[in-house]
Amino acid sequence: MQLQIYNTLTREKELFVPRIPGKVSMYLCGPTVYNRIHLGNARTFVLGDTIRRILVYLGYDVTYVQNFTDVDDKIIDRAAELGISVDELVEQEIKNYFTDAEALNIRAADKHPRVTAHIGDIVAFIEDLIAGDFAYVSDGDVFYSVESFPAYGQLSGQKLEDLALGSRVEVGEAKRHPADFVLWKAAKPGEPNWPSPWGAGRPGWHIECSAMVRSELGGHIDIHAGGSDLQFPHHENELAQSEALCPGEPLARYWVHGAFLIVNDEKMSKSQGNFFILRDILRHHDGSVVRFFLQSAHYRKPLAFDATSLDSANAALHRLKNTYAALEHVLAARDTPPASGEVLDLAKYEERFKETLADDFNAAGAWGVLFELAREANTAITRGGMGNTAEVLDTLHKLADVLGVELRVEKSIAAEVEELIARREEARRARDFWTADKIRQDLLQLGIVLEDTPQGVRWKLKW
RNA sequence: GGCGGCGUAGCCAAGUGGUAAGGCAGAGGUCUGCAAAACCUCUAUUCCCCAGUUCGAGUCUGGGCGCCGCCUCCA
């Protein structure tokens, strides 16, 4: 079993060889904190978290960094719109991000650096670029000179001539080449700014990641990930900045880009107006369902989203949760002798699961393996049990956790409800089915579903 | 115009040379006092079309058609 990763830089699936054997450093471009994330954004953050979990599962010691972009035009505009300070908005939205992430079972990264906490690193980085003749000062702004970096365009496959045609040069910008991009923006009145050798100002967008990778991870990393809209210009520019200073060693050995969420055959995005705020979706759907849905297609393929997507995902995931609950119930049944019968070949399933994930993080395929395991477990239960119920339960739980989904449904039950269930059992024994069905109906109103099984009554919360 | 990607059943999808995973929805059956859950059976002779390579192609090559993304803030 060897991990293979599709590398955007080479456009090929490559054998994964980290810089340091057994260790992986990974950086994911995080959110610009100006409002709640939408479902498309969530896909990328779930991807990063899933890759991290898979790497850990495969035995790597992972250092995972995800930044917050906390100074930017959109943030400044939004704060003004809301009539609050940039700081207030940023603090609020970072908090919101963690709330949303937690709902999707996205674990906090090892570090979540903020741009504004790294201004010194950024200024130092820009100074290095200027010293190396990769950047130039122009009236308080500092620009990166794309022509100084011959490899410019390698990540996106763009040629400088082609880029020049499409580039937009704003009035007043003194760029030497149309594709040159800003490293440091001179301060405008009323905007957040920091002192620098070129005057007060704030960092451009791309420089933050180069600087934070350098300060947090040492300048060279194994995996750099983000949504595919960041491939150009953001990642192309990051690469140019970082590798200008360190020729010979790549900024990232593997570039991973996640595909978009598609609504009505179009990319879900703020500008299209076809986006769904994650927060709103979570009002109606469990986070595990949303996460499961986001993993239902391979990360490099667009994933279609429509009104039925989450209901369908919910039904699918409950198939696994039901199997899990059934196994727990069998295991907990007191009066049944230890189950014998066939023993499920768990090693076989785990091997397939692992190999599928090792093939460019194929989570959707790995879920398929889990469904097959669930079917075999269900079949065994139907036939009277299996020899290794506890191990099946553990394996199912462990593998779902690699994908970040909890199959165990936490449930508590009030004493009155237990009393009702007991009374229904009495009624059933007395063949008073009218009363028994009445109690079952009443419980259903309370959101509790009863199932009569050979091992006794099983209940669950209605989904 | 430049660059990149996609096209698999009603729907969502996995699958990069060996004879079509999985899920949802649907039909029939089993189990059940009735349900629920589950199980069994059925639902793509076929992977947009046409050529080619090969013993063998959804998978490789060439051409065509359709769709999407990036090139401007964007996950």
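Residue numbers start from 1 in every chain, and the chains themselves are labelled A, B, ... in the order their sequence lines are given, proteins ahead of strands.
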Undergrad: State whether A:Arg428 and A:Asp437 are salt-bridged, where the test is any N-O pair (Lys NZ or Arg NE/NH1/NH2 against Asp/Glu carboxylate O) under 4.0 Å.
TA: no
Undergrad: Once you apply the 3.5 Å cut-off to both distances, tell me the Watson-Crick or G-U wobble partner of B:C67, or none.
TA: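 Because both required distances fall under 3.5 Å, B:C67 counts as paired with B:G5.
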Undergrad: Is any side-chain nitrogen or oxygen of A:Arg375 closer than 4.0 Å to OP1 or OP2 of B:C40?
TA: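 So the side chain of A:Arg375 is within the cut-off, an N or O lying under 4.0 Å from OP1 or OP2 of B:C40.
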Undergrad: Checking base pairs now: Watson-Crick or wobble, both atom distances under 3.5 Å. What partners B:U30?
TA: B:A38
Undergrad: Taking the C1' atom in each of B:C39 and B:A44, what is the distance between them to the nearest angstrom?
TA: 24 Å
Undergrad: Which whole number of Å gives the distance between the C1' atom of B:G26 and that of B:A14?
TA: 22 Å
Undergrad: What nucleotide among B:C39, B:A75, B:C70 has an atom nearest to a side-chain atom of A:Gln158?
TA: B:C70
Undergrad: Does B:A25 have its OP1 or OP2 closer than 4.0 Å to a side-chain nitrogen or oxygen of A:Thr308?
TA: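 Checking B:A25 against A:Thr308, no side-chain N or O comes under 4.0 Å of OP1 or OP2.
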Undergrad: Within the 3.5 Å criterion, strictly below it, is a donor on A:Thr8 or A:Gln231 matched to an acceptor on the partner's side chain?
TA: no
Undergrad: Starting at the 5' end of RNA chain B, which residue's closest nucleotide do you reach first, A:Thr323 or A:Arg300?
TA: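 It is A:Arg300, whose closest nucleotide lies nearer the 5' terminus.
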Undergrad: The side chain of A:Glu451 lies closest to which of these nucleotides: B:C11, B:G33, B:A37?
TA: B:A37
Undergrad: Using a cut-off of 4.0 Å on non-hydrogen atoms, how would the nucleic acid contact of A:Lys267 be classed: base, sugar-phosphate, or nothing?
TA: base
Undergrad: Check whether the aromatic ring of A:Phe371 stacks on the base of B:G22, taking stacking as ring centres less than 5.5 Å apart and planes within 30° of each other.
TA: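 Here A:Phe371 fails the 5.5 Å or the 30° condition.
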Undergrad: Choose from B:C24, B:G69, B:C40 the nucleotide whose nearest atom is closest to any side-chain atom of A:Gln272.
TA: B:G69
Undergrad: If you assign A:Arg424 and A:Leu317 each to the RNA chain B nucleotide with the nearest heavy atom, which residue ends up on the more 5' nucleotide?
TA: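 Closer to the 5' end of RNA chain B: A:Leu317.
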Undergrad: Write down the partner of B:A21 under the Watson-Crick or G-U wobble criteria, each distance required to be under 3.5 Å.
TA: none
Undergrad: Given B:A25, B:G2, B:A14, which nucleotide is nearest the side-chain atoms of A:Asn362?
TA: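 Taking heavy atoms from C-beta onward, the closest nucleotide is B:A14.
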Undergrad: Using the P atom on both, measure B:G62 against B:G22 and round to a whole Å.
TA: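 To the nearest whole Å, 33 Å.
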Undergrad: Could you tell me how far B:A27 sits from B:A9 if I compare only their C1' atoms? Round to whole Å.
TA: 15 Å
Undergrad: Could you tell me whether the side chain of A:His318 and the main chain of A:Asn314 form a donor-acceptor pair under 3.5 Å?
TA: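 Yes.
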Undergrad: Report yes if at least one side-chain N or O of A:Arg43 is closer than 4.0 Å to OP1 or OP2 of B:A75; otherwise report no.
TA: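 No, no such contact exists.
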Undergrad: Angle class for the A:His206/A:Phe181 ring planes (parallel below 30°, perpendicular above 60°, tilted otherwise)?
TA: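 Perpendicular, since the angle between the ring planes exceeds 60°.
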Undergrad: Distance check: side-chain N/O of A:Arg383 vs OP1/OP2 of B:A38, anything under 4.0 Å?
TA: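 Answer is no, no contact under 4.0 Å.
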Undergrad: Between A:Phe292 (CZ) and B:C12 (P), how many Å, whole number?
TA: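 About 15 Å, once rounded to whole Å.
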Undergrad: Checking base pairs now: Watson-Crick or wobble, both atom distances under 3.5 Å. What partners B:U45?
TA: none
Undergrad: Compare the minimum distances between each of B:C12, B:G33, B:G69 and the side chain of A:Ser296, then state the nucleotide with the smallest one.
TA: B:C12
Undergrad: Using Watson-Crick or G-U wobble geometry with both distances below 3.5 Å, tell me the partner of B:A75, or none.
TA: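 Its partner is none (no Watson-Crick or G-U wobble pair with both distances under 3.5 Å).
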Undergrad: Give one of base, sugar-phosphate or nothing for A:Asn378, where a contact means two heavy atoms less than 4.0 Å apart.
TA: sugar-phosphate
Undergrad: Could you work out the separation of B:G23 and B:C6 based on their P atoms and round it to a whole Å?
TA: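 It comes out at 26 Å once rounded to the nearest Å.
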Undergrad: Looking at A:Arg279 and A:Asp100, is any side-chain nitrogen of the basic one under 4.0 Å from a carboxylate oxygen of the acidic one?
TA: no
Undergrad: Any sub-3.5 Å donor-acceptor pair from A:Asp222's side-chain atoms to A:Arg253's backbone N or O?
TA: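 Judged by distance alone, no pair lies under 3.5 Å.
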Undergrad: With respect to the phosphate group of B:A14, does any side-chain polar atom (N or O) of A:Lys301 fall under 4.0 Å of OP1 or OP2?
TA: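 It does, given that an N or O in the side chain of A:Lys301 lies less than 4.0 Å from OP1 or OP2 of B:A14.
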Undergrad: How close or far is atom P of B:A38 from atom CD of A:Glu376, stated in whole angstroms?
TA: 17 Å
Undergrad: State plainly whether the residues A:Arg78 and A:Glu93 are in salt-bridge range, i.e. N to O under 4.0 Å.
TA: no
Undergrad: Touch check for A:Leu303, heavy atoms < 4.0 angstrom, all strands: base, sugar-phosphate only, or nothing?
TA: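 A:Leu303: backbone/sugar contact only, no base atoms under 4.0 Å.
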